[in-house]
Amino acid sequence: MPELYPLQFRPVLKHYLWGGRRLADVLGKELAGHPTAAESWEICARGDDESVVLFGPMAGRRLGDLFDRLGPELVGPGHAFDRFPLLFKFLDAAEPLSVQVHPNDALAERLVPPDSGKTEAWFVIDAAPDGLIFAGLRPGVDRARLIDAIGAGRVDEALHRFRARPGDCVLIPAGAVHALGRGVLIAELQQSSDTTFRLFDWNRVGPDGRPRPLHIAQGLDAVDFELGPIEPSDPVSLGGPRQRLTMCPHFVWERWSIDDSACLAGDGRMHIVAVIGGTARCPSAPGPACRQRGTTLLLPAGLGPTEFFADGGPLELLDGYLP
């Protein structure tokens, strides 16, 4: 394999019914002839949904192939993953996402076919003034009350909610009932899973004119009724331009606010770095000289410190890595 370098991949776009125009208008994504898009999967290796390297000696290689060939040089030593462990994406909720819940690892392992659980974190890039995040159940909502709310078509009344603000970071553990409200644009870092149990879909219909399927029994079994309401995480200063947004057993997520330049990675860990504000120059990365807002790079674990320069103004980066 060629010498390691920062990797940029071709996004995998998802055109769900709730998507809008901001992946193109705000983050510069090509929508491949579609008027709207809901998600841009930036770093992924799940079956046919697999990232392909765009630039440099590894151009055309799939992320799953790199994982198989590079192992700890890609993800870092000491991990016993049988596939690439994380998934990073951008989401544009022009309309609300369904109310849903994801299984934990133990429950997902019993599915056919088995999957990993899905703990995820959201970072709000942009939000309409009335944009809401629904995260966790309101105090006192148990299984019986949630079943009643589902039957009455008023699940939103059982959910904790708050106004989405740019810069908010929300950790959604597996088992938490949640939804993204209308008008919210986010970045999402998660376990590599696409298992979702839909509890409520706002009484709307899909493109075929029929209600989309719900997964009530599976979803209720996945809900962790001990979690309660979820609020945005409080960022923790790590000195200089670096803040820790959130952490869990599956990943750590940080934010860098750079006026001039900063070195990331070089610590034996794989890093997923996304430009969310300003323009970045990364001289060691093949491809465009400048990386615009919405660009994502994967820094392999075996790579040394990687320098990012702010080009023409302040630079904001998200940096996700394995614990």
Side-chain angles (χ1 to χ4, degrees), residues 9-19 23 29 32 34 36-52 62-68 75 81-93 95-123 134-135 170-180 184-201 206-207 212-224 248-251 253 270 272 274 296 298 320 322:
F9 296 88
R10 181 181 302 116
V12 176
L13 293 178
K14 300 289 185 177
H15 303 279
Y16 305 136
L17 80 167
W18 44 264
L23 294 180
K29 303 299 176 184
H34 292 264
T36 62
E39 300 184 357
S40 177
W41 292 22
E42 301 283 299
I43 306 288
C44 60
R46 290 190 56 82
D48 293 336
D49 295 319
E50 191 163 8
S51 298
V52 177
R62 295 179 176 272
L63 180 55
D65 176 56
L66 296 180
F67 174 81
D68 292 338
V75 300
F81 301 114
D82 58 2
R83 63 181 180 182
F84 191 80
L86 297 177
L87 196 159
F88 178 77
K89 64 175 78 166
F90 295 113
L91 293 83
D92 175 20
E95 297 295 332
L97 275 67
S98 60
V99 177
Q100 55 193 240
V101 63
H102 306 306
N104 60 26
D105 288 335
L107 181 57
E109 180 63 30
R110 299 198 296 270
L111 298 174
V112 181
D115 201 354
S116 63
K118 187 178 178 184
T119 288
E120 61 193 23
W122 295 345
F123 179 87
F134 301 86
V170 187
L171 181 66
I172 308 289
V177 183
H178 61 280
L180 195 60
V184 185
L185 175 68
I186 67 166
E188 177 177 304
L189 182 64
Q190 58 160 93
Q191 291 178 268
S192 184
S193 170
D194 198 31
T195 300
T196 295
F197 301 134
R198 194 179 295 130
L199 295 173
F200 181 60
D201 201 27
R212 294 196 296 171
L214 301 179
H215 317 99
I216 305 300
Q218 289 174 297
L220 289 170
D221 287 344
V223 174
D224 183 346
C248 66
H250 308 289
F251 51 77
W253 215 6
M270 172 190 70
I272 296 173
T296 306
L298 188 153
L322 297 169

Spacing of SG belonging to C44 relative to CZ belonging to F84, to within rounding of 0.5 Å = 9.5 Å
Is the backbone N or O of T36 less than 3.5 Å from a side-chain atom of H15, with the two atoms forming a donor-acceptor pair by type?
-> yes
Interatomic distance, I272 atom CD1 to L298 atom CG [nearest 0.5 angstrom] = 5.5 Å
More than 12 foreign heavy atoms under 6.0 Å from CZ of R46: is that the case here?
-> yes
Side chain to side chain contact (heavy atoms under 4.5 Å, CB included) evaluation trace for L180 with W122 = CA-CA 10 Å; L180 195 60; W122 295 345; 3.7 Å; yes
Listed partners of D194 passing salt bridge (charged side-chain N to carboxylate O under 4.0 Å, His left out), at least two apart | none
Output the distance between atom CG (L63) and atom CZ (F9), rounded to the nearest 0.5 Å.
-> 4.5 Å
Does a side-chain heavy-atom distance below 4.5 Å link L171 with F251?
-> yes
Under 3.5 Å: donor-acceptor pair, side chain of E50, backbone of D48 | no
Please step through side chain to side chain contact (heavy atoms under 4.5 Å, CB included) for the pair I43 and L86, ending with a clear verdict.
-> CA-CA 8 Å; I43 306 288; L86 297 177; over 6 Å; no
Got a sec, which residues hit salt bridge (charged side-chain N to carboxylate O under 4.0 Å, His left out) with R212, two or more places apart in sequence or on another chain?
-> D201
Closest non-hydrogen atoms of A45 and G64, given as atom of the first, atom of the second and distance, are CB-N, 4.1 Å
So, do L322 and M270 sit near enough that their side-chain heavy atoms are less than 4.5 Å apart?
-> yes
Donor-acceptor under 3.5 Å (D105 side chain, G117 main chain) = yes
How long is the span from the NZ atom in K89 to the NZ atom in K14, to the nearest 0.5 Å?
-> 8.5 Å
Report yes if the side chains of R83 and F81 come closer than 4.5 Å at any heavy-atom pair, otherwise no.
-> no
Report the distance from atom CG of L91 to atom CG of L97, rounding to the nearest 0.5 Å.
-> 6.5 Å
Taking the side chain as every heavy atom from C-beta outward, state whether L23 and F90 have any atom pair closer than 4.5 Å.
-> yes
Find out whether T119 and I172 are in side-chain contact, i.e. whether some heavy atom of one side chain is under 4.5 Å from a heavy atom of the other.
-> no
Name each donor-acceptor pair under 3.5 Å that joins a side chain in residues 214-222 to protein atoms two or more places apart or in another chain, with its distance.
residue : atom : partner : partner atom : Å
H215    : ND1  : R198    : N            : 2.8

F88 and W253, any side-chain heavy atoms less than 4.5 Å apart | yes
Quick one: side-chain contact (heavy atoms from CB on, under 4.5 Å) partners of S193, sequence neighbours excluded?
-> D115, S116, K118, T195
Salt bridge (charged side-chain N to carboxylate O under 4.0 Å, His left out) against K29, all qualifying residues, sequence neighbours excluded = E42
Atom CG in D65, atom OG in S51: separation rounded to 0.5 Å?
-> 13.0 Å
Could you pull out all residues at least two apart from E95 that satisfy salt bridge (charged side-chain N to carboxylate O under 4.0 Å, His left out)?
-> R182
Identify the two heavy atoms, one from P96 and one from W18, that lie closest to each other, and give their separation to 0.1 Å.
-> O-CB, 3.9 Å
Determine the interplanar angle of the H178 and H102 rings, folded into 0 to 90°, and report it as parallel if under 30°, tilted if 30 to 60°, perpendicular if over 60°.
-> tilted
